[in-house]
Amino acid sequence: MIKENLELVEKNIQEACKKAGRDRSEVTLIAVSKTKPVSDIRQAMDCGITVFGENKVQEIKDKTEEIKEPLSWHMIGHLQANKVKYLPGRVCMIHSVDNKKLADEIEKQFSKTDEKIDVLIEVNMAHEDSKFGLSPDDAPEFVKEISTLPHLNIRGLMTIAPYTEDPESNRVYFKGLKELMNSINAMKIPGVNMDTLSMGMTGDYQVAIEEGATFVRVGTGIFGERNYNI
Ligand SMILES: *Cc1c(COP(=O)(O)O)cnc(C)c1O
């Protein structure tokens, strides 16, 4: 089933790229494997997938210890500062930076191995109380504030759009995230030239691609429904 799902997702990505006049190579699919067993990850690997997303540090630890092949792991979920120490050497990007304490801890832990880590700033575009992330109004100042941390490479912005049955209703948030990135770039903060937009999940990744996503994070659409009770 994972193979068939991946074929469909790939077809949809290609269609969205075509519709938007974008090259397929501009969009990276992150296979979100959270809660799923290593056997599922191996099935996706057999189909050529090398980029995976997880939202819990413990799961990244366990899975990177079990799977030795070179893969790109992305930390996409809310991150507590006290867990950052487990990430150096394991992940290539952190998508969920939204407070100074966390940014400082990332700086501290990644400086130990002198690794420069790609990070995205998480923005709560729809101002949902249930979600993490900065308000769009606060994002520019925050980027400026953390831009001097030498082991953080601020690559762009990430958002988790509201859950909806109608992907079109999220278009405004994806458009807004891109505009926000452009306006922060226009501030010409030394060392900041963002080019990465992590937006779009199973329900809305085609719309996100049409609006400029460079990373889409697809879980259910590849691996099926998650069961949190096991
Ligand atoms: C779980 C998760 C996803 C994937 O969600 P699906 O709807 O299953 O595609 C994407 N991004 C984040 C941050 C997630 O936690």
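Both counts, for ligands and for their atoms, begin at 1 and track the order of listing. In this text the structure is predicted, and so the values were computed from the model without any measurement.
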Side-chain donor/acceptor of [X] to backbone N/O of [Y], under 3.5 Å:
{"X": "D62", "Y": "E59", "result": "no"}
{"X": "N124", "Y": "G133", "result": "no"}
{"X": "T159", "Y": "V123", "result": "yes"}

Worksheet item: Between I41 and K63, what is the shortest heavy-atom contact and its length?
Response: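 Closest approach of I41 to K63, heavy atoms only: CD1-CD, 3.6 Å.
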
Item to complete: Measure across T113 and P88 and return the closest heavy-atom pair with its distance rounded to 0.1 Å.
Response: OG1-CB, 4.0 Å

Which residue holds the protein heavy atom closest to [atom], what is that atom called, and what is the gap in Å?
{"atom": "atom 8 (O) of ligand 1", "answer": "T220 OG1, 2.4 Å"}
{"atom": "atom 6 (P) of ligand 1", "answer": "T202 OG1, 3.4 Å"}
{"atom": "atom 2 (C) of ligand 1", "answer": "K34 NZ, 2.5 Å"}
{"atom": "atom 5 (O) of ligand 1", "answer": "M201 CE, 3.4 Å"}

Worksheet entry | Residues T50, S72; criterion side chain to side chain donor-acceptor pair (under 3.5 Å); working and verdict | CA-CA 6 Å; T50 58; S72 299; 5.3 Å; no

Go through ligand 1 atom by atom and flag the ones less than 4.0 Å from a non-hydrogen atom of [X].
{"X": "G219", "value": "4 (C), 6 (P), 8 (O), 9 (O)"}
{"X": "I160", "value": "13 (C)"}
{"X": "R217", "value": "4 (C), 9 (O), 10 (C), 11 (N), 12 (C), 13 (C)"}
{"X": "I76", "value": "11 (N), 12 (C), 13 (C), 14 (C)"}
{"X": "V218", "value": "9 (O)"}

Discussion item. Can a side-chain donor-acceptor contact be found between S198 and H95 if the only test is distance below 3.5 angstrom?
Written reply: yes

Worksheet item: Has H95 got any heavy atom lying under 4.0 angstrom from an atom of ligand 1?
Response: no

